[in-house]
Each structure stands twice: as C-alpha cells, then as structure tokens.
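Here is the structure we will look at, set down as structure tokens.
Owing to the predicted nature of the structure, the values given are computational and were not obtained by experimental measurement. Residue numbers start at 1 and run along the sequence shown.
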Amino acid sequence: MFHCRQALNSLEQGRLSAHQTQGNVTGKLRLSVSSDLGRNTLLPWIDELLEEHPLLSIDLTVGDSVSDFFLEQVDIALRYGKPEDSSMVSFKIATVKRITCAAPDYILEHGEPITPEQLTTHKCLLYRRAGRFFDQWHYSNLTNTYKIKVESNRVSNDTDIVKRWAVAGKGIAYRSYIDIYSELKNGQLVQLLPNYESPTVELHLICPSREQITPAVIALRELLRSKLSANVFAP
C-alpha cells in the first residue's frame, strides 16, 4: 500500500510539474466566483496572482448561481458552503462571520434594532438563489438562540445588488463579513446587533475532479488562504 501511495504521489507531482515552466505557473485558469466577491474583493487579488505568474491567464465567470462546471466550462469555483456533491474536490479557504448591517442614513431615518426580534419591523434586503429565499436570519447570545423571519420589498439573486441597496440606505442586509469589509471600514455601512452572534459560513474552492487541480489552482488557493487568514478580515 505504501509503494502504491508513493507511485500515485509521483504521478500527481509529475502531472502538476507538466503545467509549470521554469518554476512559473502557466496555462489558463477558468474560475467561477460569486458576484460580490468577484466584482469587489477578488479583483485586486487576481491582479497580484497574474503579476506573480505572468505566464498564467484568468478566465473569470461572475454570478451567484451554483456552477455547472461542464456547461460553463470552468475549472474551479469559489463559493460559500461545502459542495452538496460529495464526488467533487473541495478546499476550505476560510471560515467567515455573517454581519447584520445598514447604512447610517437608514439608521437615522428608521432607528437601530437592538434585538433580533425588532428586525421584523424593519425593511430587510433579501437574497434569492435557485428559487430559495434566504429570509430566515439566525442569531444567538449567552442565553438564547433566535431564528427571525424577515420581510422585504427588495429581493435579488445578485449579492452585489443586495449590498448596493444597503449602502444606498434602502434597508438592512445580512452579509458575509468579507463582502462588506470595505463598506464597514469606510463608514458606508454600520454593524447592527453587535451583542449577538450569527452562524459562520465556510468559503470553499471547488473542483469537479482531481484532474482539475493544477499548479494554477494551487497558487490561487494559497493566495486566497494567505489573504483571508489575515486578521483584517476578522471583525
């Protein structure tokens, strides 16, 4: 068994080395990423990756639907949550907090919810994917857990639009901390309910098979892990 494992490892290393030229990562990486991450957070990191590996090229697909690797012709997808298909290869990149937030203008006009129950009297901004509405927001503190069903007159299947509505003062959003980090930092959004925790969500790189794990995929994985392991993304 040990010799078989050694042989498989040697084959794997040989396959990966075939994609490298004099230590440089080469070829095309076809990446699918959610809209908010793709349009905002990820773009400067892709620039860094291409500057470090000038023989690499990126083909970026942006959207919040679950990727069909064959129809969309992508090699790897960056998505929140583990893949439901156990046959796929998944690399955990980070565990991310969810934050409830709103623009200062919204808070000034409508007031700030102090408890999760008070969200039911506010305008909330909802995300929809594949017919599912994410209208139940979860919280906990030292004594209780809360599952709040919120109402909204604004729903989108695009997470970036949900964030833009929040920044424009149209309502309260329930977002991954990575997605709203810049807006929290510059004051466009304010964290609400700071005394309550919401469940974390995992960010994964997902491949349809081991054959898709090229040096380009590994370079992207390590870049993402190094960026997201920094305390700057921990509220």
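- With sequence neighbours excluded, the residues satisfying side chain to side chain donor-acceptor pair (under 3.5 Å) with Lys149 are Asp135.
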Chi angles and distances behind the side chain to side chain donor-acceptor pair (under 3.5 Å) call for Tyr139, Thr100
CA-CA 10 Å; Tyr139 301 90; Thr100 306; 2.7 Å; yes

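- For Pro199, the side-chain contact (heavy atoms from CB on, under 4.5 Å) partners two or more places apart in sequence, or in a different chain, are Arg98, His138, Tyr174.
- Residues meeting the salt bridge (charged side-chain N to carboxylate O under 4.0 Å, His left out) test with Glu151, sequence neighbours left out: none.
- Taking CG of Leu205 as the start and CE of Met88 as the end, the distance is 13.0 Å to the nearest 0.5 Å.
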List, one per line, each side-chain donor-acceptor pair under 3.5 Å for residues 105-116, sequence neighbours excluded.
| unit_1 | atom_1 | unit_2 | atom_2 | d |
| --- | --- | --- | --- | --- |
| Tyr106 | OH | His122 | ND1 | 2.9 |
| Tyr106 | OH | Lys123 | N | 3.1 |
| Thr115 | OG1 | Glu117 | OE1 | 3.3 |

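- Annotation: side chain of Leu31 is not in contact with side chain of Asp75 (no heavy-atom distance under 4.5 Å).
- Every residue two or more places apart in sequence or in another chain that forms a side chain to side chain donor-acceptor pair (under 3.5 Å) with Arg39 is listed here: Asp158.
- The number of heavy-atom neighbours closer than 6.0 Å to CZ of Arg164, taken from other residues, nucleotides and ligands shown, is 12 or below.
- With sequence neighbours left out, Thr143 forms a side-chain contact (heavy atoms from CB on, under 4.5 Å) with Asn141.
- For Tyr80 and Ser176, the side-chain atoms include at least one donor-acceptor pair closer than 3.5 Å.
- Asn40 contributes atom CG, which lies 14.0 Å from atom OH of Tyr181 (distance to the nearest 0.5 angstrom).
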